[in-house]
Structures are given as structure tokens and as C-alpha cells.
Amino acid sequence: YPDFRREEVSELRRQLTQTAGDSLPGEAVPNLGNQVIAPGESHPAYNSTPPTSGWHYAVPSPWGVLTKPVQNEIQLRNLALGGILLQYNPETASESDLNEITALVRSLRTSNPNNYCQILVAPYENAESNIVLTAWTRIDQLESYDRGRIVSFIDTFIGMGPDAGEVSCSL
């Protein structure tokens, strides 16, 4: 029953996240809010690269493995919905790492679509490291593929966005 008491589960996860604090994967990033803006509307700068909260459009990107970058304001909608983004610097990430990430995400999404549907892989040209994991107000930067670290981040933060449960996704 993936939708059973979704609001209560999200609230419990939020409380646990606040209690556990920095013992969680990645680093906390201050919350810039969850304001929906019109496409092209200007807004203040984000506080992380890629962003982990703030001004975003109403429509998310499709989930899954993409070959083109996703605009910040769009990817933030995905995070607000409780998604996880695995982005990579297309100029510095190794082909081997990209193959491993793609295989992992496809495997997770196929093996348990109810839990792992909301994962997005895409290039991010301004990434400060080879691989960057983001969730709502959380970021982790990796220099190379680390399956355990990636799965831990996903399992900890998937479904944690402020609008989690608002829109389902499909494979």
C-alpha cells in the first residue's frame, strides 16, 4: 500500500531528519522555500549548485535517465515532489561511472517501482564534482561512483519533499 498514510509517513520522516541532523547522508542546505513561479519569472540566486530548494515551476521533468540537462526551476519541482536527482558533470564524469549509475537507477526503478519511481539522472554542466546527488534541502557530492553511498542517500531522502505525494509517477 504505497499511499497508505502518506502524510503521516512524510511527517515522521521529516521529524527523524531534523532529529538525526548531520548524521544523515550528504550535507544539509538551508531551505529557500517552496514557491512556484511562472516560467521565465526572475528570482533570487540559489544557495547550492545544483539547487536543493527554492523557486520552481509547477511542472516537473519526466523521471528516469535523461541525456539532456534539466533546467534548475524544473528539477526543483521534482525535488519538491520528493524525488532524488543524480546528476553528473558531462565533461569530467567517467563513462564507467555513468554506466554504473544508469544501471543502478534502472535496476532500482524496475525492482521496486513504488519506492524508486521518483529518481532522475541527468547531466549538469555546472556540477562542482563528477556526481551530485540532491534531495529537498540535501546535497552530496562524489568524485566517483559509490553504490552504497548513492543507495543510502536515495533511501534516506526519497519521498521527503514538501509536496511529496501530490503527484505520482510512472515508469
Side-chain angles (χ1 to χ4, degrees), residues 2-3 6-18 21-22 24-90 93 101-102 105 108-109 113-142 150 153-171:
D3 292 327
R6 184 179 288 268
E7 291 79 23
E8 290 91 346
V9 170
S10 288
E11 176 60 18
L12 179 60
R13 282 183 174 176
R14 186 190 64 73
Q15 290 173 1
L16 289 172
T17 299
Q18 287 180 338
D22 286 337
L24 295 170
E27 297 177 26
V29 179
N31 192 340
L32 294 176
N34 181 27
Q35 184 171 347
V36 176
I37 60 172
E41 186 176 334
S42 64
H43 57 78
Y46 295 115
N47 59 358
S48 66
T49 304
T52 61
S53 66
W55 307 268
H56 58 277
Y57 301 155
V59 178
S61 170
W63 302 102
V65 178
L66 306 179
T67 57
K68 297 190 180 199
V70 178
Q71 187 176 350
N72 286 335
E73 292 83 359
I74 295 172
Q75 64 179 266
L76 277 169
R77 182 63 184 152
N78 290 76
L79 295 182
L81 292 170
I84 302 294
L85 273 69
L86 285 81
Q87 296 179 93
Y88 57 90
N89 186 318
I101 290 168
T102 300
V105 169
L108 289 172
R109 295 184 78 218
N114 290 330
N115 287 342
Y116 297 115
C117 181
Q118 294 177 298
I119 300 174
L120 173 61
V121 176
Y124 193 85
E125 294 174 358
N126 296 324
E128 296 172 1
S129 59
N130 292 332
I131 302 166
V132 182
L133 313 174
T134 54
W136 192 258
T137 68
R138 238 21 222 200
I139 192 166
D140 196 2
Q141 301 195 39
L142 293 78
I150 292 170
F153 189 92
I154 292 169
D155 285 344
T156 302
F157 299 113
I158 199 158
M160 294 292 289
D163 299 330
E166 220 176 74
V167 177
S168 63
C169 68
S170 60
L171 299 176

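Gln75 and Tyr124 form no side-chain donor-acceptor contact under 3.5 Å, judged by distance and modelled atom types alone.
When every heavy atom of Pro60 is checked against every heavy atom of Ile74, the shortest pair comes out as C-CG2, 3.8 Å. In plain terms, the two heavy atoms of Pro30 and Ser53 that are nearest each other are O-OG, 3.6 Å. Taking all atoms of both residues into account, the shortest heavy-atom contact from Gly64 to Arg109 is CA-NH1, 3.1 Å. For the residue pair Ala135 and Leu79, the shortest heavy atom distance occurs at CA-CD2, 3.8 Å. Shown here for Pro50 and Val132, the closest heavy-atom pair between the two residues is CD-CG1, 3.4 Å.
Between the side chain of Asn31 and the backbone N or O of Thr137, no donor-acceptor pair lies under 3.5 Å. Arg138 places a side-chain N or O within 3.5 Å of a backbone atom of Leu24 that can act as its donor or acceptor partner.
Atom CD1 of residue Ile154 and atom CG of residue Asn115 lie 11.5 Å apart, to the nearest 0.5 angstrom. Atom CG of Asn47 and atom OG1 of Thr52 lie 5.5 Å apart (nearest 0.5 Å). Residue Ile131 holds its CD1 atom at 11.0 Å from CD of Gln141, rounded to the nearest 0.5 Å. To the nearest 0.5 Å, atom CD1 of residue Ile119 and atom CG of residue Leu86 are 7.0 Å apart.
Contact check for Tyr57 versus Ile37: side-chain heavy atoms found under the 4.5 Å cut-off. Residues Gln87 and Pro123 fail the side-chain proximity criterion, which asks for heavy atoms closer than 4.5 Å. Within the 4.5 Å cutoff, side-chain heavy atoms of His43 are placed close to those of Glu73. Looking only at side-chain heavy atoms (C-beta outward), Trp63 and Gln118 come within less than 4.5 Å of each other. In this structure, Arg77 and Asp163 have side chains that are in contact, with non-hydrogen atoms separated by less than 4.5 Å. Side-chain contact between Tyr46 and Asn72 is present, with heavy atoms from C-beta onward closer than 4.5 Å. Counting heavy atoms from C-beta outward, Ile150 and Leu142 have side chains that approach closer than 4.5 Å. With contacts defined as side-chain heavy-atom distances shorter than 4.5 Å, the pair Ser61/Leu120 qualifies.
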Next item on the list: Show your working on side-chain hydrogen bond (donor to acceptor under 3.5 Å, both in side chains) between Tyr116 and Asp155 and close with a plain yes or no.
Entry: CA-CA 9 Å; Tyr116 297 115; Asp155 285 344; 2.6 Å; yes
Next item on the list: Show your reasoning for whether side chain to side chain contact (heavy atoms under 4.5 Å, CB included) applies to Trp55 and Leu76.
Entry: CA-CA 8 Å; Trp55 307 268; Leu76 277 169; 6.0 Å; no
Check: Are Trp136 and Asn34 close enough, and set up right, to give a side chain to side chain contact (heavy atoms under 4.5 Å, CB included), and what steps lead you there?
Finding: CA-CA 10 Å; Trp136 192 258; Asn34 181 27; 3.9 Å; yes
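Residues forming a side-chain hydrogen bond (donor to acceptor under 3.5 Å, both in side chains) with Gln35 (at least two apart in sequence, or on another chain): none.
Of the listed residues (Leu66, Leu85, Val65, Ile84), just one forms a side-chain contact (heavy atoms from CB on, under 4.5 Å) with Val121, and that residue is Val65.
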